[in-house]
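A, B, ... follow the sequence lines: proteins, then strands. Residue 1 opens every chain. Keep in mind the model is a prediction, meaning the values are calculated, not measured.
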Amino acid sequence: MEYDFKNIESKWQAYWAAHKTFKAEGNSGKPKYYVLDMFPYPSGAGLHVGHPLGYIASDIFSRYKRLKGFNVLHPMGYDAFGLPAEQYAIQTGQHPEKTTSINIARYREQLDRIGFSYDWDREIRTCDPDFYKWTQWAFLKMFDSWYDPDADKARPISELVGKLEKEGYGDVTAEQWAKASEKEKSDILMQYRIAYQGETSVNWCEGLGTVLANDEVKDGLSVRGGFPVEQKKMTQWQLRVSAYAGRLLDSLDSLNWTESLKEMQRNWIGKSEGTEVVFNTVCEGKELPVTIFTTRVDTIFGVTFMVLAPESELVASLTSSGQKKAVEEYIKEVRKKTERERISETKTVSGVFSGSYGINPLTGEKIPIWISEYVLAGYGTGAIMAVPAHDSRDYAFARKFGLPIVPIIEGCDVSESSFDAKEGKMCNSGFLNGLDVKVAIEKAKDYVEEKGLGRRKTNYRLRDAIFSRQRYWGEPFPIYYKDGIPTPLPESELPLRLPEIDSYKPTGEAPLARAKDWTYKGYPLETSTMPGFAGSSAYYFRYMDPRNDKALVDKEVNAYWKSVDLYIGGSEHATGHLIYSRFWNKFLYDLGYVCEDEPFRKLINQGMIQGRSNFVYRIVGTNKFVSCGLKGKYDTTEIHVDINLVHNDKLDLEAFKAWRPEFSDAEFELENGEYICGWAVEKMSKSMYNVVNPDDICDTYGADTLRLYEMFLGPLEQSKPWDTKGIDGVNRFLKKFWRLFYDRGEWIVTDEKAGPEELKSLHKLIKKEQEDIENFSFNTTISAFMIALNELSALNCCKREILEPLVILLSPFAPHITEELWYALGHDDTVTYARFPEFIAAYAAEDNVTYPVQFNGKMRFTVDMPKSATPAEVEAAVRGMEQTQKYVDGLNIVKVIVVPGRIINIVLK
RNA sequence: GCGCGGGUGGCGAAAUGGUAGACGCGCUAGUUUCAGGAGCUAGUGGGGUAAAACCUGUGUGAGUUCGAGUCUCAUCUCGCGCACCA
């Protein structure tokens, strides 16, 4: 039998599907392991070879864990709500559901060819009403909860209502509560709910006709579509993610994620510990206390002015009549600018004097109040004290408007720029004089608190998540408006199904407003839908218990599977999905619906696979193409050529001529009889003709080769270009592997006893494979296989005792070929559940270790020692050897260093 | 500006402080079948030699060590993330 990968692969894929080989059991008493991929958005373009990289890695690990005796949950689904399907619907009028299911079918077909071990019975789709019922359910729970700062967790809103009735809460007394109308009560509670409706400055994208979250905007453009985004005040549904900022930050430490990813989240959460200080202000005789936030109270003696954000509510009351016109004009200017312009103009300084003054609470000094866009309304209190000597932004502002700069650290030079460092001794600072800055910070904080001028405060950059989208293809909100009051739908009405609408074209109003009878008991239903991250925030719970229609996940089932042990996906979700999921999970945990407060214990970011584009060089004004090495001789134009016409950078001339009509009469200037193409690493994309389709690789080389090669390409977490060159090597490996079993189609495996050399090769491999897989170092594991294979082929090894474990070891990587060989070896079960530990236990320890012997660090000879010998025994043996005496040659042995199992170094003098 | 990673052959890359460059690609030579983008064997950091020996070599400079690609400090450089966040 020859290695016919096509038949082998389709045969075993059909077998696995028919026998549900990878069906995860319920609580079977086995230890569980939950391996999850970030589920894909099924786009119309299908998969390219970059997409399965993470899936292959997680599949290898899943199969490895199964061999080790774990009950593995390894599911897959689709993040199926989203903009592209809707935009396609706008263009074509086709229902997004239809596009989506066509794309899903295509994805499934491609995934199946790679031989993944998913339990497809647990497939989920976020656009499926049975699924989004639970997204809506969670929203209702959030609507019905508030964040209790005393307990530091979410509690049912009924508890807050209880407090309000009894003793009042916050600014609201029990009396006021009792007298409040239904609408007023709703407004009060809205300030506390985890899911709440509120006016906020949002990223409005006119091009998409919807609001976007911060992580959906990059450089002032929408991530999807690249349309300009502007700031606009709107009433929107929001999630009180900010209430969880502290916990989201703290529990990062307990997670087994990469440091860089944790750091990204820390930056995004943006904790800063500082002080709120109250400054009294005077505007045309009227006094008004203004609270500012600073991390450097110690610099308060250097304050020479204050600045308000243009959007701050204080602006109106602190503008003098004389400055009113100037201020209004300035604010108008700022509003006109989009976020994009504000970012691109970071170097220009603008601002206007408000006409009023503040009083420095420590010095009693009168200081002017300015308004400038460099102060943000959404952070801190929207007002700052400016210390130009020690803050670069304040410095630039002071320079521009001629405001005084007072240094308060001894000997610092502020003639050219501000002195931002946190070191030195204080001066010009009253009671802080002479203190070291670090000491002064604490002392100043204490002082401000003691005198009642302010208090310590921790601020976070993390904002609440805006949760409404004015779109069609998303989850409808289970909310209706009863006399204008947002009211939750009863749980029994879930799922609230997405209605049909007659046209998807944007009209300025939300698409759902077009739906007929979009009402509940005669009251209008909410017309916006939920954003993309809604469905992906808790999907990993549904895989545990996908068909449960009574609960998100059954308590016992959840207690068994707990949380995701290994999550693999791209780092681009660091500040989106991965924050929202953690928030969502902690919320469910607070209310006791799930048993773990973090969703993903270990997380690996696979790198991107970039494309490797090929170029041909056309001599300008002709239809003649020169090979890359000769292009310097001519004036040429570089043209992307479809990489399918190129093999190992050599162009297939006939295929090239047939590619496009204008090349049909192309002429070539060759080097050494071949046309060599140029190349470059670029993003994998259609327009660069460098997309590699996994289907094509499966056709030419087979899925096993694809899997091995993607892993062999380099470290998993690193980005690397796809380079088809090396794939032959991996394919060769599989062919050779096959030849250990079949020689010219004849079965050659024997039951002979294995020799020591053969055993040694096998044992080395077993050791290496176990270590490397646990560290996700799959490229080196495959190398180890290649070494073992070379050694065994050289020994002409064809013994079952060696080959059977080899098949098991390779099976996570190349499941099809190993399944076929396992069957050929006479097993009637599948290799997936081969008793790995039993096979591996058979491996005996090597008897001897070969030590290199060094003199003063230079290797001279090697010596074989029993593995069990202690360092002292090794030393004694080496000292007494004839060879040693030869190298000592009259010198003294200072000492002998024996590193067990590694090396012997003899230090001479 | 702040933070996080990296810099090793022609290329992708390996090296618990212990023989640097495993493994693969590419290249060179030989060989076998030739229908192959095939198989097999050997070589492949640089210098050096008839062949060895030997010298040198992990961005740069210092340090710790019997011994450093690996640890420490400084420096150059590339990539990524965040950023008027007070």
Side-chain angles (χ1 to χ4, degrees), chain A residues 258-268 270-272 274-275 292-296 299 307 309 342-343 345-349 372-376 378-387 390-394 396-397 420 459-463 571-572 574-575 607 647-650 652 700 708-709 712-715 717-730 732-733 735-736 739 768 771 777 779-790 793-794 850-862 894-899 901-909:
Chain A
T258 59
E259 212 34 56
S260 72
L261 193 78
K262 286 198 216 177
E263 195 59 29
M264 262 191 244
Q265 290 215 340
R266 284 192 196 107
N267 280 340
W268 192 257
K271 181 177 185 171
S272 84
T275 317
I292 60 94
F293 176 75
T294 178
T295 51
R296 296 288 304 273
T299 60
V307 188
R342 277 172 85 157
I343 287 166
E345 288 172 16
T346 49
K347 292 289 166 278
T348 62
V349 180
S372 172
E373 60 177 331
Y374 86 83
V375 175
L376 305 177
Y379 184 78
T381 59
I384 63 154
M385 64 177 210
V387 188
H390 303 287
D391 181 286
S392 54
R393 293 150 303 171
D394 296 346
F397 195 81
D420 294 4
N459 265 332
Y460 295 96
R461 212 167 58 88
L462 184 69
R463 313 290 164 81
S571 61
E572 66 272 19
T575 54
H647 195 265
N648 285 351
D649 285 340
K650 291 167 200 148
D652 179 337
T700 325
L708 279 171
Y709 186 57
F712 188 66
L713 221 42
E717 310 204 0
Q718 211 165 84
S719 285
K720 55 241 161 184
W722 179 266
D723 185 349
T724 315
K725 269 184 192 165
I727 202 164
D728 290 320
V730 164
R732 216 168 280 156
F733 163 75
K735 286 190 211 158
K736 275 182 174 176
R739 258 186 261 134
K768 181 83 175 147
E771 284 167 7
S777 178
N779 53 331
T780 55
T781 320
I782 295 168
S783 292
F785 266 109
M786 290 175 172
I787 295 168
L789 180 62
N790 285 342
S793 324
T850 303
Y851 282 91
V853 180
Q854 298 179 351
F855 291 85
N856 284 346
K858 281 203 164 83
M859 219 287 265
R860 293 304 181 188
F861 58 89
T862 63
V894 178
K895 59 176 164 175
V896 177
I897 300 155
V898 177
V899 182
R902 301 292 289 196
I903 200 156
I904 299 162
N905 188 17
I906 299 172
V907 183
L908 299 176
K909 192 159 189 175

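Nucleotides B:A53 and B:G3 are separated by 50 Å at their P atoms, to the nearest Å. One C1' atom belongs to B:C73, the other to B:G21, and the distance between them is 28 Å to the nearest Å. With both ends at atom P, the span from B:G69 to B:U56 equals 13 Å, rounded to whole Å. Atom C1' of B:C76 sits at a distance of 24 Å from the matching atom of B:A20, rounded to the whole Å.
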| field | side chain to side chain contact (heavy atoms under 4.5 Å, CB included) assessment of A:Arg296 paired with A:Val387 | value | CA-CA 9 Å; A:Arg296 296 288 304 273; A:Val387 188; over 6 Å; no
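Within the structure, every side-chain polar atom (N or O) of A:Ser392 is placed at least 4.0 Å from both OP1 and OP2 of B:G1. The side chain of A:Arg739 contributes no N or O atom lying less than 4.0 Å from OP1 or OP2 of B:A38. For the OP1/OP2 pair of B:A86 and a distance below 4.0 Å, the side-chain nitrogens and oxygens of A:Tyr374 include no atom meeting the criterion. Under 4.0 angstrom from either OP1 or OP2 of B:A83 there lies at least one side-chain N or O belonging to A:Arg461.
Formation of a donor-acceptor pair under 3.5 Å by the A:Lys720 side chain with backbone atoms of A:Pro715 is found in this model. Checking side-chain atoms of A:Arg461 against main-chain N and O of A:Asn267 turns up a donor-acceptor pair under 3.5 Å.
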| remark: B/S/- along nucleotides 19-24 of chain B (protein heavy atoms under 4.0 Å) is B--BBS
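Note: A:Ile904 CD1 to A:Gln854 CD = 9.5 Å, rounded to the nearest 0.5 Å.
Glycosidic conformation of B:G9: syn, with the torsion inside 90° of 0.
Put simply, CG on A:Asp723 is 17 Å from P on B:G10, counting in whole angstrom units.
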Could you list all N or O pairs between the protein and nucleotides 68-71 of chain B that sit under 3.5 Å apart?
none

Detail all sub-3.5 Å separations between protein N/O atoms and N/O atoms belonging to nucleotides 2-8 of chain B.
residue, atom, partner, partner atom, Å
B:G3, O2', A:Glu263, OE2, 3.0

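Residues passing the ring-ring contact (aromatic ring centres under 6.0 Å, His included) test with A:Phe733: none are found, sequence neighbours excluded. Annotation: salt bridge (Lys or Arg N to Asp or Glu O under 4.0 Å) contacts of A:Lys262 (sequence neighbours excluded): none.
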| message | Wobble G-U and Watson-Crick pairs count when both distances are under 3.5 Å; given that, what is the 5' to 3' dot-bracket string of RNA chain B, with | for pairing to other strands? | response | (((((((..(((.....[....)))((((((.......))))))(((......)))..(((((..]....))))))))))))....
